[in-house]
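Fair warning: this is a prediction, and the values are worked out from it, not measured in the lab.
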Amino acid sequence: MTLKSRFPFLRQDVAASLVVFLVALPLCVGVAVASGVPAELGLVTGIVGGIVTGLLPGSSLQVSGPAAGMTVLVYEAVSTYGVAALGVIVLMAGLLQLAMGFLGIGRWFRAISVSVVEGMLCGIGLVIVAGQLYAAAGLEAPETGLGKIAGLPGAFADAVGSSEALISLAIGAGTVAVIVLWKRLPAKARTVPGALAAVVLATLASLVGELPVATVEVEGLLGAIQLPGAGAIGELADPAIWGTVLAFALIASAESLFSAAAVDRLHTGPRTRYNKEMIAQGAGNTVCGLLGALPMTAVIVRSSANVEAGARTKASRVLHGVWLLLFAAALPSTLALIPLPALAGVLVHAGWKLIPFRQVGLLWRGHRGEALILVVTAVSIVAMNMLEGVLIGLALAVVKTAWEASHLKTEVIDKGAGPIQVHLSGNATFLRLPKILDSLEALPQDRPIEVYLSGLHHLDHACRSALESWAEQHSASGTAPVRVTSDEPVKAAAP
């Protein structure tokens with residue numbers, strides 16, 4: 001059996017893997033630096049995402065690695081518990097993902113409101129953009145999301161008064177400009193991803209001009225890896241850390257499975273098997289946790305680049321992990337040449353793309369309730385934190401669904417003579433009980449009343465009890481008691 005017959009798409013997959021590697025390299029480093037951990041740990045997560053998760057079944061063409069969408073949550077965890085505890089948090093999150101995958105919960109993530117996910121990404125994007133603007137100017141960012149946004153005018157004033165800050169800010173702005181304008185170049189030039197080209201040009205500019213800007217600190221691949229120790233494992237005794245574990249698992253899973261659904265729309269190959277993809281993500285995060293690295297998710301930017309580059313099988317994503325490993329082993333010192341404001345520029349662009357401007361406009365025109373959920377989720381994440389913001393968004397989505405599911409129509413027919421007829425149709429739940437009672441209590445007490453429930457799809461216990469109580473108490477003495485029935489009213493015969 002020849003190599004070509006065994007791997008018929010090897011040429012396409014190798015070419016795609018190189019493109020994905022070039023897209024992933026600056027993002028792996030940038031996400032790590034923005035998360036407050038050594039740059040090498042971003043590469044470790046990219047390697048595991050490619051080789052470990054890439055080999056497992058689930059989604060054949062989507063690519064996993066460190067994601068900008070997890071940056072805010074990881075930074076909060078590192079600030080609270082320290083870098084040493086990060087591995088334990090990621091390890092437990094990975095095990096939780098494995099359990100959810102084996103229990104068949106993966107497919108249920110598709111039931112999460114898209115507005116909540118878009119709101120989550122919007123909130124993350126706002127915090128990333130605000131925080132990385134400080135990094136681009138070489139300034140220290142406030143800890144809270146609101147503090148980052150509120151402090152931008154003051155930070156800009158500080159930057160204007162410092163030549164070093166202005167130089168640093170110029171490199172960051174130039175990086176964003178290159179990424180944006182790169183898409184307008186001829187197709188041959190665009191074979192090199194814009195983010196990588198921007199970082200390379202910024203690095204060359206800082207070296208040639210000997211510019212006074214901070215660069216990436218390098219510890220070496222083995223030096224950056226921290227296996228979970230007894231002290232880090234002891235952090236699990238703190239109940240608060242389990243909220244972070246749950247947030248890691250749920251948010252990483254939701255982002256990965258929504259990415260899988262998006263990638264499936266980009267190609268005609270095998271569809272994603274959601275529970276198996278959850279297991280693959282859990283296995284990858286378990287390994288990342290054991291190595292003390294960043295959490296991974298499937299990343300739509302790399303995945304779409306993989307599809308657009310012509311990938312046909314999972315070999316492309318596995319090979320992209322191999323190229324990351326070779327780079328980390330052979331050329332780690334080159335990371336020390338990269339200016340931090342250039343990475344900040346990469347993340348400002350990535351964060352900006354997370355903000356769904358177009359979706360908000362479309363939702364507002366057609367589904368204002370969904371638009372409200374999106375905005376409230378985003379604002380809650382900025383004002384509080386990732387986990388609380390997402391929980392608030394989910395709670396709003398559940399309330400909205402319950403409210404819509406309890407749609408009820410009350411029709412009163414009074415022909416002037418005979419009993420008053422009240423027809424209830426739809427879903428009578430406790431959420432609509434005040435409306436039902438208001439309508440019924442407004443009816444005259446000295447007339448016979450017939451209440452027909454035949455049009456109801458659902459009548460919960462609270463509504464049934466309230467109806468029975470109202471029927472017993474409503475009629476005045478000497479008036480026929482209220483009649484409540486599930487039968488259709490008898491129609492008068494035609495003359």
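Inter-residue side-chain proximity for W242 and M92 is flagged as met; some heavy-atom pair is nearer than 4.5 Å. Looking only at side-chain heavy atoms (C-beta outward), M100 and L250 come within less than 4.5 Å of each other. For the pair L340 and V213, the minimum side-chain heavy-atom distance is 4.5 Å or more. Side-chain contact between C122 and L126 is present, with heavy atoms from C-beta onward closer than 4.5 Å. Within the 4.5 Å cutoff, no side-chain heavy atoms of V20 are placed close to those of R317. Proximity of L27 to P66: side-chain heavy atoms (C-beta onward) are nowhere separated by under 4.5 Å. Inter-residue side-chain proximity for P212 and I167 is flagged as met; some heavy-atom pair is nearer than 4.5 Å. Looking at L96 and F248, their side chains never come closer than 4.5 Å, going by heavy atoms from C-beta outward.
At most 12 non-hydrogen atoms from other residues, nucleotides or ligands lie less than 6.0 angstrom from NZ of K276. More than 12 heavy atoms of other residues, nucleotides or ligands lie within 6.0 Å of OH in Y134, so this atom counts as buried by the packing criterion. For F156, the CZ atom counts as loosely surrounded, since its 6.0 Å shell holds 12 or fewer non-hydrogen atoms of other residues, nucleotides or ligands.
Remark: side-chain polar atoms of R273 are not paired, donor with acceptor, to backbone N or O of P57 under 3.5 angstrom. Side-chain N or O atoms of N285 include one that pairs as donor or acceptor with a backbone N or O of M296 at under 3.5 Å. Between the side chain of T313 and the backbone N or O of A315 there is at least one donor-acceptor pair closer than 3.5 Å. With hydrogens and angles disregarded, a donor-acceptor distance shorter than 3.5 Å links the side chain of E277 to the backbone of S59. Panel note: side chain T80, backbone A77; no donor-acceptor pair is recorded below 3.5 Å. For the pair T377 (side chain) and M120 (backbone), a donor-acceptor distance under 3.5 Å is absent. Remark: the backbone N or O of A195 is not paired with any side-chain donor or acceptor of W182 at under 3.5 angstrom. Judged purely by atom type and a 3.5 angstrom limit, S206 has no side-chain atom pairing as donor or acceptor with the backbone of P339. Judged purely by atom type and a 3.5 angstrom limit, S256 uses its side chain to pair as donor or acceptor with the backbone of A298.
Here the CZ-CG distance, from F21 to L326, works out to 8.5 Å after rounding to the nearest 0.5 Å. To the nearest 0.5 angstrom, H320 atom NE2 is 10.5 Å from L22 atom CG. Atoms CG and CD1, from L257 and I105 in turn, are 11.5 Å apart once rounded to the nearest 0.5 Å. Remark: R358 CZ to E118 CD distance equals 11.0 Å, nearest 0.5 Å. Of the inter-residue distances, the one linking L61 atom CG with S303 atom OG reads 8.5 Å to the nearest 0.5 angstrom. Taken to the nearest 0.5 Å, the OG atom of S380 stands 7.5 Å off from the CG atom of L396.
When ring centroids are compared, W352 and F357 come within the 6.0 Å threshold.
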List the steps and the verdict of side chain to side chain contact (heavy atoms under 4.5 Å, CB included) for T297 and M70. CA-CA 8 Å; T297 74; M70 294 290 288; 3.7 Å; yes
Starting from the C-alpha separation in whole Å, work towards a yes-or-no answer on side chain to side chain contact (heavy atoms under 4.5 Å, CB included) for L343 and I338. CA-CA 8 Å; L343 295 178; I338 300 175; 3.8 Å; yes
Working for side chain to side chain contact (heavy atoms under 4.5 Å, CB included), residues L335 and F327: CA-CA 10 Å; L335 296 178; F327 174 85; 3.9 Å; yes
Y81 and D238: CA distance, side-chain angles, deciding distance, side chain to side chain contact (heavy atoms under 4.5 Å, CB included) verdict: CA-CA 10 Å; Y81 303 106; D238 181 3; 3.8 Å; yes
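The minimum heavy-atom distance between I124 and A68, with the atom names listed, is CG2-O, 3.8 Å. The nearest pair of heavy atoms linking A16 to N306 is CB-OD1, 3.8 Å. Closest non-hydrogen pair, A24 versus R302, comes out as CB-CD, 3.8 Å. A pairwise comparison of heavy atoms in L139 and A155 identifies CD1-O, 3.5 Å as the closest pair. Shortest non-hydrogen contact noted between S168 and A137 is OG-C, 3.8 Å. In terms of heavy atoms, Q12 sits closest to G310 at CB-O, 3.5 Å.
Side-chain atoms of S64 and Q281 form a donor-acceptor pair, as typed in the model, at a separation below 3.5 Å. Inspection of the S253 and Q97 side chains reveals an N or O donor paired with an N or O acceptor under 3.5 Å.
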Under 3.5 Å, which donor-acceptor pairs do the side chains of residues 28-56 form with other protein atoms, sequence neighbours left out?
| unit_1 | atom_1 | unit_2 | atom_2 | d |
| --- | --- | --- | --- | --- |
| S35 | OG | V31 | O | 2.7 |
| E40 | OE2 | E219 | N | 2.8 |
| E40 | OE2 | G220 | N | 2.9 |
| T45 | OG1 | L41 | O | 3.2 |
| T45 | OG1 | L294 | N | 3.1 |
| T45 | OG1 | L294 | O | 2.8 |
| T53 | OG1 | A280 | O | 3.4 |

